[in-house]
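Just so we're on the same page: letters track the sequence lines, and every chain starts at 1. Heavy atoms only: backbone and side chains are in, while hydrogens, waters and symmetry mates are out.
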Amino acid sequence: MPQPYRVAVTGLNAADNPAPGIPVARSLRAEPSWAGRIVGLGYDAFDTGIYDADILDAVYLIPYPTAGEGNLLARLQYVAERTGIQALVPTLDAELENFAALEPELREAGVRMLIPSGSHLRMRSKAALADFCRGHGFRFPDTELCMDPGQVHAAAGRLGMPLVVKGIFYDAYVASTLEEAAVFFQRVRARWGLPVILQRWIDGEEYDVVALGNRDGRLVGAVAMRKLRLTEKGKAWAGVTMRDPALLELAGRIVEALRWTGPLELEFLRASHSKEYSLIEINPRFPSWVYLAARADQNLPLAAVRLALDEDVPPLPPYRTGVTFVRHAVDVVCPMEHLESLTTTGELIFQAAAEKKGT
Amino acid sequence: MSENTPPAGDASSTGAASAAGSASPPEVGIPRDLAFSERGFLFDPTTGLTYTLNRTGAFLFQRLRHGTAAAEATAALAAEFDVELPRAADDVRDFVQQLRDFGLA
């Protein structure tokens, strides 16, 4: 494997709903022969992960997606010039459209990505997923899109109670009553805008698959995980790798149907009664539990970097089952100078840490 | 199926109502890929579900997974835990049924 890679990663806020950037960076470092550099791209001086000198070699703040593609491109060109990054792994749903649009310019700046096109992103969006599933015969919970609070009552009548109220990017709440559904509708709309997604609730177990498609839309690797513990927001806080051939076969068919390039997370519910899997979400990036996949012998983030750099990556070998993760929070202690540097210059170079690691 | 619920198998937990000479305990086929520790922790890699078996359950499972016939496991259970054969046979039958209900046999 050609080394060392210089890779930039976004999505570094790892608070109660951790973004995938730090797990992606940890996965890269988990490769025994890793000798590269990892540049964190943060949106805020209090994105928690940006202070972790054991994982990142440098940090640069970048403009929020709402600042537009032009500002983002200018900042990324600057970062590329300063750090020599060759590959960039975006990990947040809300930023992907911008990165997809900037792909040609970034390539010209020497920065490669392995991400889906804008049209592929929209095909699997939460608002379009039901149509995609119907078109390809994938089982999916009955879903209604609501643009107005007045539509909630009628939709709930068709879907039954309880039901799930979901935002277009994030957030999902289980409403047991119409009143709760109305409250969740307003909460989700205020945070993520319209439409708000109402979905039939399925009693069952949650399973996730992280997968990676190459530039031809073919599956390179996939790891399935059963959630063992959830936060009140429904995020996995513990999980274990498992291998149900039916689930992996289904995941493979979905990736092929999407002709997906890049990482994605497929979320399934396995109904208690019928034992059948329903696809409930496709997230167009690595999940925050992706480090588990790397430790179970499928280092999908590293494979994504290699594919981004046009290396030949054959399908990954089978992963180990029974590998378990439990997430826990740690306090990272850092000197005030780190905060000062990020606040005043938007940059932080972990020089001492880099020297310590010999990179 | 509920997560980490113990299939019974505690010989003392089931009744002793059945008489000697009741139907033979069924033969058992246990998937090879189930991961099992001697302390009674069982992991099904196909579903990701885990189970905890009590002492008698672990005793039985360890034998059944290695192909011991149910009748032979019954005799071993009766000897190890000092119970009558008919009662042990009932317990083995119940245990095997629970394994089947959980998709473990």
Side-chain angles (χ1 to χ4, degrees), chain A residues 202-211 222-230 234 236-252 265-278 287 289 292-293 295-298 317-327, chain B residues 1-10 13-14 26-68 70 73 93-105:
Chain A
I202 296 175
D203 177 29
E205 303 268 354
E206 289 192 39
Y207 292 86
D208 279 8
V209 176
V210 56
V223 175
M225 180 271 288
R226 176 174 175 267
K227 297 179 179 181
L228 294 176
R229 288 290 180 273
L230 301 180
W237 215 249
V240 59
T241 57
M242 40 75 71
R243 184 185 295 109
D244 181 353
L247 177 61
L248 289 169
E249 188 268 339
L250 175 59
E265 179 193 27
L266 305 163
E267 296 189 18
F268 296 94
L269 263 170
R270 186 174 185 239
S272 300
H273 181 64
S274 67
K275 307 296 184 199
E276 287 179 307
Y277 292 101
S278 288
W289 58 270
L292 176 71
R295 294 298 302 270
D297 298 343
Q298 278 204 8
Y319 58 91
R320 288 180 293 137
T321 57
V323 182
T324 306
F325 84 92
V326 177
R327 189 169 290 157
Chain B
M1 181 186 290
S2 64
E3 178 190 355
N4 213 8
T5 42
D10 178 345
S13 69
T14 54
E27 300 300 321
V28 185
I30 291 178
R32 285 184 171 199
D33 59 352
L34 293 177
F36 179 67
S37 81
E38 289 183 1
R39 287 180 290 191
F41 188 81
L42 179 59
F43 172 66
D44 181 350
T46 303
T47 62
L49 289 164
T50 59
Y51 306 85
T52 308
L53 276 61
N54 62 16
R55 197 165 144 239
T56 48
F59 178 89
L60 280 175
F61 190 84
Q62 205 163 8
R63 279 152 184 79
L64 297 174
R65 73 193 292 246
H66 288 122
T68 302
R93 199 163 31 242
D94 287 347
F95 180 64
V96 169
Q97 188 55 51
Q98 286 196 56
L99 291 178
R100 291 198 168 123
D101 290 346
F102 285 120
L104 300 171

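For B:Ala105, the side chain to side chain contact (heavy atoms under 4.5 Å, CB included) partners are B:Val28, B:Ile30, B:Leu99, B:Arg100, not counting sequence neighbours. B:Gln62 pairs by the side chain to side chain contact (heavy atoms under 4.5 Å, CB included) definition with B:Phe36, B:Glu38, not counting sequence neighbours.
Counting heavy atoms from C-beta outward, B:Thr47 and A:Glu205 have side chains that stay 4.5 Å or more apart.
Only the backbone of A:Thr241 comes within contact range of chain B, with heavy atoms under 4.5 Å apart.
Rounding to the nearest 0.5 angstrom, the gap separating the OG1 atom in B:Thr46 from the CG atom in A:Leu247 is 10.5 Å.
Residues B:Pro45 and A:Thr321 share a closest heavy-atom pair of CB-OG1, 3.4 Å.
For the set A:Arg270, A:Met242, A:Met225, the entry with the most heavy-atom pairs within less than 4.5 Å of chain B is A:Met242.
Within 6.0 Å of CZ in B:Arg65 there are more than 12 heavy atoms belonging to other residues, nucleotides or ligands.
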